[in-house]
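Encoded as structure tokens, the structure appears first; notes follow it.
If you're wondering where the values come from, they're calculated on a predicted model, not measured in any experiment.
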Amino acid sequence: MTLTTSRPRAASRGTGASPRRRGPGPRLLPWLFLAPALILFLYFKYIPMTKGVWLSFFKVQPFLGDEWVGLDNYRQVFTDESFRAAIGHTLYLAVVQTGGAMLIGFCLALLLEGRARTLWFVRSAAFLPVVSAIAVVGEVWRLLYFPAPDGMLNSVLGWFGLAPQGFLDDPGSALWWVSVVGIWKHAPYDMMIILAGLAGIDRQLYEQAALDGASLRQRVRFVTLPALRPVVTILVTLACIRGLRIFTEVFVLTAGGPAGSTDVVMTRIYTLGFQSGDIGFASAASVLLFLGILALTVCVTLYRGRKEI
């Protein structure tokens, strides 16, 4: 007599049992959380952007009706002499502020790089300009730049036997003094990003370079800089975008003066749109600025992709 064992059959579902639902609920749940922010972005950002692109093809006349002008507003951007000067000033500030802030930020990062407990206070103090309100910073620098002989900076220059400077009142040098404020404002931000990059460098590379007889300058050139290449690429991208969109510093310090010597693209757009009432021209300039920043971002992204392959 043999004994046979059999596994019990799984109980079949009754006709009254309801199957488990596998609807789109879990997939839609994240979008429900994102919906308030997306609605705000749509209403306050993307719809106005679309409206701005549409108005760039018109001569906007609020009480007489908009007149279709096609690409005339875009042509005017490149033919208007004051706007071309503003583009040149913007590029100048973007290059000078980007280079100056990265150079000073790199030097500060090298000086403050380490694990000492006391460095956190120095780093926090150096980072204060980044978190300060730019409007307040601009007003403080306007006081420092007071062009009278007894002004603060002119008094300091007098200690060294230098003649008083006109600072923001001098059309020949006002743009340079505006760039100094931007460098002072953004260098600590670059410092923190570079510090994060320095923390990821293998210390054995420095030890091996020192054993091979490399000097400090050679270690910085052949070890530090190549390792910071991805960080530098990101900083250049962010700084160039920041430089092309510069507005608050110039508006608070000079409002584009004197005699338009510090007028940049954003202040020119503001003047055309809100003071002169030329909404179509200002919209066309805004669209071109957006396309320029987008093209710059795409080029840097493609460059990074090729370098990482």
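Both F290 and V53 belong to a common hydrophobic cluster when Ile, Leu, Val, Met, Phe, Trp and Tyr are linked at side-chain heavy-atom distances under 4.5 angstrom. Hydrophobic clustering of Ile, Leu, Val, Met, Phe, Trp and Tyr side chains at less than 4.5 Å, counting indirect connections, keeps L108 apart from L103. V69 and I279 fall into different hydrophobic clusters, where Ile, Leu, Val, Met, Phe, Trp and Tyr are joined by side-chain heavy atoms under 4.5 Å apart, directly or via other members. F146 and M152 end up in different hydrophobic clusters when Ile, Leu, Val, Met, Phe, Trp and Tyr side chains are linked at under 4.5 Å. One hydrophobic cluster, built from ILVMFWY side chains closer than 4.5 Å, cannot hold both V220 and L111; they sit in different ones.
Its side chain within the 4.5 Å cluster rule, L34 clusters with W31, L38 among the Ile, Leu, Val, Met, Phe, Trp and Tyr residues. V252 belongs to no hydrophobic cluster with other residues, because no ILVMFWY side-chain heavy atom falls under 4.5 Å from its own, directly or through intermediates.
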Which pairs of donor and acceptor atoms, one on a side chain in residues 135-143, lie under 3.5 Å apart (sequence neighbours left out)?
none

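Checked against side chain to side chain contact (heavy atoms under 4.5 Å, CB included), V95 has no partners two or more places apart in sequence or in another chain. T224 pairs by the side chain to side chain donor-acceptor pair (under 3.5 Å) definition with Y206, not counting sequence neighbours. Annotation: side chain to side chain contact (heavy atoms under 4.5 Å, CB included) contacts of R84 (sequence neighbours excluded): E81. For F247, the ring-ring contact (aromatic ring centres under 6.0 Å, His included) partners are F251, Y270, not counting sequence neighbours. For T262, the side chain to side chain donor-acceptor pair (under 3.5 Å) partners are T254, not counting sequence neighbours. Taking I246 as the reference, L93, Q97, E249, V250, V264 meet the side chain to side chain contact (heavy atoms under 4.5 Å, CB included) condition, with sequence neighbours excluded.
Between I241 and T297 the shortest side-chain heavy-atom distance falls below 4.5 Å. Considering only heavy atoms from C-beta on, N73 comes within 4.5 Å of Q76 through its side chain. Contact of the V180 side chain with the F167 side chain is not registered, since no non-hydrogen atoms from C-beta on lie closer than 4.5 Å. At a threshold of 4.5 Å between non-hydrogen side-chain atoms, the residues V181 and Y145 count as touching. By the 4.5 Å heavy-atom criterion applied to side chains, V96 and L175 are not counted as neighbours.
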Side chain to side chain contact (heavy atoms under 4.5 Å, CB included) for F106 and L225? Distances and angles first, verdict last. CA-CA 10 Å; F106 180 72; L225 292 180; 3.8 Å; yes
Report the C-alpha separation of H186 and V130 in whole Å, then their side-chain angles, then the decisive distance to 0.1 Å, and conclude whether the side chain to side chain contact (heavy atoms under 4.5 Å, CB included) test is met. CA-CA 6 Å; H186 302 300; V130 179; over 6 Å; no
For L253 and W177: C-alpha separation, side-chain torsions, deciding distance, then whether side chain to side chain contact (heavy atoms under 4.5 Å, CB included) applies. CA-CA 10 Å; L253 289 170; W177 295 112; over 6 Å; no
Can I234 and I193 be said to form a side chain to side chain contact (heavy atoms under 4.5 Å, CB included), step by step? CA-CA 9 Å; I234 294 173; I193 302 298; 5.6 Å; no
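Side-chain contact of S82 with D80: a donor-acceptor pair under 3.5 Å is present, judged by distance alone.
The main-chain N or O of G273 is never found under 3.5 Å from a side-chain atom of D278 such that the two would form a donor-acceptor pair. A side-chain donor-acceptor contact under 3.5 Å links Q218 to the backbone of S215. For N154 (side chain) and A148 (main-chain N/O), a donor-acceptor pair under 3.5 Å exists by modelled atom type. Between the side chain of R123 and the main chain of L112, a donor-acceptor pair closer than 3.5 Å is present.
Atoms CE and CD1, from M191 and I104 in turn, are 12.0 Å apart once rounded to the nearest 0.5 Å. Between the CH2 atom in W159 and the CG atom in L157 there is a gap of 10.0 Å [rounded to 0.5 Å]. Distance check: L289 CG to R245 CZ gives 8.5 Å after rounding to the nearest 0.5 Å. With rounding to the nearest 0.5 Å, the separation of CG in L144 from CH2 in W184 is 9.0 Å. Taking OG1 from T233 and CG from L228, the interatomic distance works out to 10.5 Å, rounded to the nearest 0.5 Å. The CG atom of L42 lies 4.0 Å from the CD1 atom of I47; values are rounded to the nearest 0.5 Å.
Nearest approach of I183 to A101, heavy atoms of both residues: CG2-N, 3.9 Å. The minimum heavy-atom distance between A109 and L195, with the atom names listed, is O-CD2, 3.4 Å. F281 and F83 make their closest contact through CZ-CD1, 4.2 Å (heavy atoms, listed as atom of the first residue, atom of the second, distance). Considering every non-hydrogen atom in both V60 and G280, the closest pair reads CG2-N, 3.8 Å. Of all the heavy atoms in V223 and A209, the pair that sits closest is CG2-CB, 4.3 Å. When all heavy atoms of R219 and A214 are compared, the closest pair comes out as NE-O, 3.6 Å.
Residue pairs that meet the salt bridge (charged side-chain N to carboxylate O under 4.0 Å, His left out) test with at least one member in residues 261-273, sequence neighbours left out, are D263-R268. Within the structure, salt bridge (charged side-chain N to carboxylate O under 4.0 Å, His left out) pairs that include any residue of residues 165-190 do not occur (at least two apart or interchain). Listed by first and then second residue, the side chain to side chain donor-acceptor pair (under 3.5 Å) pairs that reach into residues 36-65 are S56-Y74, sequence neighbours excluded.
Counting heavy-atom neighbours within 6.0 Å of Q204 CD, excluding the residue itself, gives a total of 12 or less.
Y189 and F127 have their aromatic ring centers separated by at least 6.0 angstrom.
Between W68 and F58, the angle of the ring planes goes over 60°, which puts this pair in the perpendicular group of the 30/60° scheme.
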